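The next block holds one structure in the form of structure tokens; read it before the comments.
So you know, we letter chains A, B, ... as the sequences are listed, proteins then strands, and number each from 1. Not measured: the values here are computed from a predicted model.
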Amino acid sequence: MLRIPISERPSWRQTADQYGFQFHTMYGEPYWDETHYYQFSLRQIENDLEDPTEEIHQMCLEVVDEVVNSESLLRRFQIPDGLWGAVADSWRKKEPSLYSRLDLAYDGRSPAKLLENNADTPTSLFETGLWQWLWLEQQVDAGRLSRGCDQFNSLQEKLIQRLGYLRAHHGAHTMHFCSVDDSIEDRGTVQYLQDCAEEAGIKAPFVDIADIGLAEGPIFVDTGDQPLDWCFKLYPWEFMFREEYAEQLSIAPTNWLEPMWKSILSNKALLPALWKKFPNHPNLLPAWFEDELPKASTSALVRKPIFSREGANISILNNGQVEESVEGPYGSEGYIYQAYHALPKFGDSYTLIGSWLVDDKAAGISVREDHSRITQDLSRFIPHVILG
Amino acid sequence: MKRSKVSLSKRFDKLSTIYKPKPLMGLMVGAAMLTGCGDDESALMYYTAEDCTAENPAHFALCRAAYEEALEESARTAPKFSSLADCEEDFGMMNCTDVPSPYRQVGTYMPAMAGFMLAAAWFQDDDDFDIDLFKSRKKKRLMPLFTSYNTRSPFYGRRVGATGVDLGRLTDRRAKVSRSVFDREVPTTTRAASRGGFGRTVASSRSASRGG
């Protein structure tokens, strides 16, 4: 695993415009950064990232199976009790999922460690599935990268294939896609998925999450009063569970993507639950619920809210003292603790691997860099290649 | 090779404008989907049960059952209007009818069924028709048809399904249709009683809703 400088494609910003990639620069800071790239060996990709990703996912599913059958765990996971039945049903009916992203700490040598599972609303999808692949093709064509370079990236193909499967085997002929309309990044991510769905033969209209209506039945409908038969939402379950229509979620017939059981995976309570079930697994870090924290522990810890995104409200503690932290709106539902594991440092940047799954198949990686030890939403996206 | 070297689809070029698609307007989608490629089937179209029986005397029971099923399906799936004038504007004078009570929550007027379309395969079997079997079939390969008598409507003189699919001229008897025309499930027409029950958390905190 190497970090190698490379010339930027001279006209990549125009190409970005052409592809509708509007958020490559955010708040005046580069988000997409192609002044260098990461190089992995095929062995590193296959043995250290691809296989562990699928294995971790299977372990996570075992936790879901345990949680839906335990009231005390559902409580620990902060699932509102009115929705316990709905979450459990969605699991028992094996409601199909689309995708997830595991965040891993990996330095090219030691086993990758799971930091968290973004199983409900992962973003940076377009950048991973299409944009970094385009970068590879164009850099190879320009002679700046060897013809032998490859990329761990079958994300777009697998998404289209999976959506086609949902159409053919689950009757998903029309799928609504919704997000918060005023976020350009969310809207871009959802537009990319709409395009993948149309590629798979699915009619894919957009609806702003706040425009979803409730009609008699009850059923959820779009702005034209068409029922939401299938609905992909780039909006977290933990929010929906606490909003006005939460009660109708149990009875309205919409098939949601991600399905409701994903609320157990996109939840930091997953981390201590995984550690309890699979202690000392090489790809896991020790983790505890707040009331189970070993008293004698002097090691460095990371405190994470049960619900948190983009690094918000995460603190790094040493001997109980906060060393570094990020502000944010989360934390009212409680915290978990995870053993501190340093992200590898390349140059002056801390590097994080996002490892993607479509359903239960590993589908590629994205690399993010941040100047801080806590990766946040303004971290930079760096392309990668496989060589050797 | 970790990734198949497919060329990137042209579809993705259009991403240049992130736009807000117009909402679907009930029946008014109007996408013609007559023949697909290869996977077609023959279908027959009739105005009424009597019309069907006149042409297929041996299939009296099938014609009657199909007509009744189609009528029920038309009540469930037809576009609904709160005023007769709105309905007649789209479907023409004297072409609208009261919505049967179970479906009246959305609107009180709907276009009258103009006929029904049935897969020709139903007529190939000369054995005794089993009406219970027909009724129990989830997919009957049957659909109600609508038309408009307003000359300015794109459906004037046409036969259309509840999804807006154009199935040919009103006077046609036979059609070749893609199998998917029958397979598509047509949702019950509805109207939202409220909106805005999701999305407040982000609206209030404006924190990122995403997970990366």
Subject >> Within residues 161-180 of chain B or reaching into it, pairs that qualify as ring-ring contact (aromatic ring centres under 6.0 Å, His included) - sequence neighbours excluded >> reply: none
Subject >> B/R64/B/E68 ion pair, N-O < 4.0 Å >> reply: yes
**OP:** Under 4.5 Å heavy-atom distance to chain B, tell me which part of A/L249 shows up: side chain, backbone, both or neither.
**Re:** side chain
Original post:
If you tally heavy-atom pairs under 4.5 Å against chain B, which of A/L214, A/I212, A/I219, A/I209 wins?
Top reply: A/L214
Subject >> Choice from A/V207, A/V221, A/D229 maximising heavy atom contacts with chain B below 4.5 Å >> reply: A/V221
**OP:** Check each atom of A/L352 against the heavy atoms of chain B and say whether the ones under 4.5 Å are side chain, backbone, both or neither.
**Re:** neither
Original post:
Is it true that B/R141 and B/E41 have a side-chain N and a carboxylate O under 4.0 angstrom from each other?
Top reply: yes
Subject >> Pair A/R101-A/D120, salt bridge (Lys or Arg N to Asp or Glu O under 4.0 Å): steps then yes or no >> reply: CA-CA 9 Å; A/R101 193 192 73 227; A/D120 185 17; over 6 Å; no
Original post:
For chain B, which of A/H173, A/E243, A/E244 has the most heavy-atom pairs under 4.5 Å?
Top reply: A/E243
Subject >> A/E333 and A/K268 ion-paired at < 4.0 Å >> reply: no
